[in-house]
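A short write-up of the structure that comes next.
Keep in mind it's a predicted model, so treat the numbers as computed, not measured. Count residues from 1 along the sequence.
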Amino acid sequence: MIAGACFFSYRTYVQQEFASELIRFHVIANSDSYADQSLKLHVRDSIVNEMKVRFRAANNRQEAEQIIVASMDEIKELAQHQIQLEGKQYPVEVKIGDYDFPTKSYGNLTLPAGNYHAVRVIIGEGKGKNWWCVLFPPLCFVDSVDSLKQDERAKGMKVFEKDNVEFRLKSADVLNIFS
């Protein structure tokens, strides 16, 4: 029981450390219909393509948050424009706040489930499947990391240089269940 409490406590600590440095981006579709799911991805692409240059300039979470606050109206306009291009009349809501997220992996990085600061774009009724990524550091913007010079580090990536955490079950190790 003590081991379980220690595991939970450390897992919570790791999640809170990540959460204190990250801003996530969350787009929620109107419904699960094919058209609404496709629209969600087009709205995502429109916003990401427009915002990626701005987020390259952010050196920390505070600067990224300032960019978001200054861009909230434009994010909404981009979403509304894309929705209209596709012949829909859905309302759009753009919020910034703290929201619960499930565990999510980005390549070899796994963020534990927990409460994270996020920009949330809700299309229509917001009852469809959602899409999310890490807005800062800029993991949503693949080319912002891929286009770095050989010795250059991505801004904000220091948060992921913390302990190399691997969660394991001792009983599984002893029994070689996952080997």
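Taking 4.5 Å as the limit, some side-chain heavy atom of Ser46 sits within range of a side-chain heavy atom of Gln82. Inter-residue side-chain proximity for Pro102 and Trp132 is flagged as met; some heavy-atom pair is nearer than 4.5 Å. Contact of the Met72 side chain with the Glu74 side chain is not registered, since no non-hydrogen atoms from C-beta on lie closer than 4.5 Å. Using a 4.5 Å heavy-atom cutoff, the side chains of Phe55 and Ile68 are in contact. Counting only heavy atoms from C-beta outward, the side chains of Ile96 and Glu65 approach each other to under 4.5 Å.
Every side chain to side chain contact (heavy atoms under 4.5 Å, CB included) that Asp32 has, sequence neighbours left out, goes to Gln37, Lys129. Taking the side chain to side chain contact (heavy atoms under 4.5 Å, CB included) definition, one finds that Leu41 meets it with Arg44, Trp131, sequence neighbours left out.
Atom CG of Asp98 has more than 12 neighbouring heavy atoms from other residues, nucleotides or ligands inside a 6.0 Å radius.
Classification of Glu63 and Arg54 as a salt-bridged pair fails, no side-chain N sitting under 4.0 Å from a carboxylate O.
Residues Glu125 and Asn30 approach most closely at N-OD1, 2.7 Å, considering heavy atoms. Residues Ala113 and Thr103 approach most closely at N-OG1, 3.3 Å, considering heavy atoms. Heavy-atom minimum distance, Leu22 versus Arg61: O-NH1, 3.6 Å. For the residue pair Ala118 and Ile23, the shortest heavy atom distance occurs at CA-CG2, 4.3 Å. Across Phe136 and Asn59, no two heavy atoms sit closer than the pair CZ-C, 3.9 Å. The shortest heavy-atom contact between Ile75 and Met51 is CG1-CE, 4.0 Å.
Counting side-chain heavy-atom gaps under 4.5 Å among Ile, Leu, Val, Met, Phe, Trp and Tyr, the cluster of Ile28 also holds Ile122.
In summary, the side chains of Asp36 and Tyr90 do present a donor paired with an acceptor at a separation below 3.5 Å, with no hydrogens or angles considered.
Under a 3.5 Å cut-off, the side chain of Ser71 and the backbone N or O of Ile67 do form a donor-acceptor pair.
Separation of atoms CD1 (Ile47) and CZ (Phe25) is listed at 4.0 Å; rounding is to 0.5 Å. We find the OG-NZ distance between Ser33 and Lys40 to be 10.5 Å, quoted to the nearest 0.5 Å. Put simply, CD on Gln80 and CG on Leu85 are 12.0 Å apart, with the number rounded to the nearest 0.5 Å. With rounding to the nearest 0.5 Å, the separation of CG in Asn60 from CD in Gln66 is 8.0 Å.
Cation-pi geometry between Arg24 and Tyr99 is not satisfied (NZ or CZ under 6.0 Å from the ring centre, within 45° of the ring normal).
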(request) Check the pair Asn130 / Val27 against side chain to side chain contact (heavy atoms under 4.5 Å, CB included), numbers first and verdict last. (result) CA-CA 6 Å; Asn130 59 75; Val27 183; over 6 Å; no

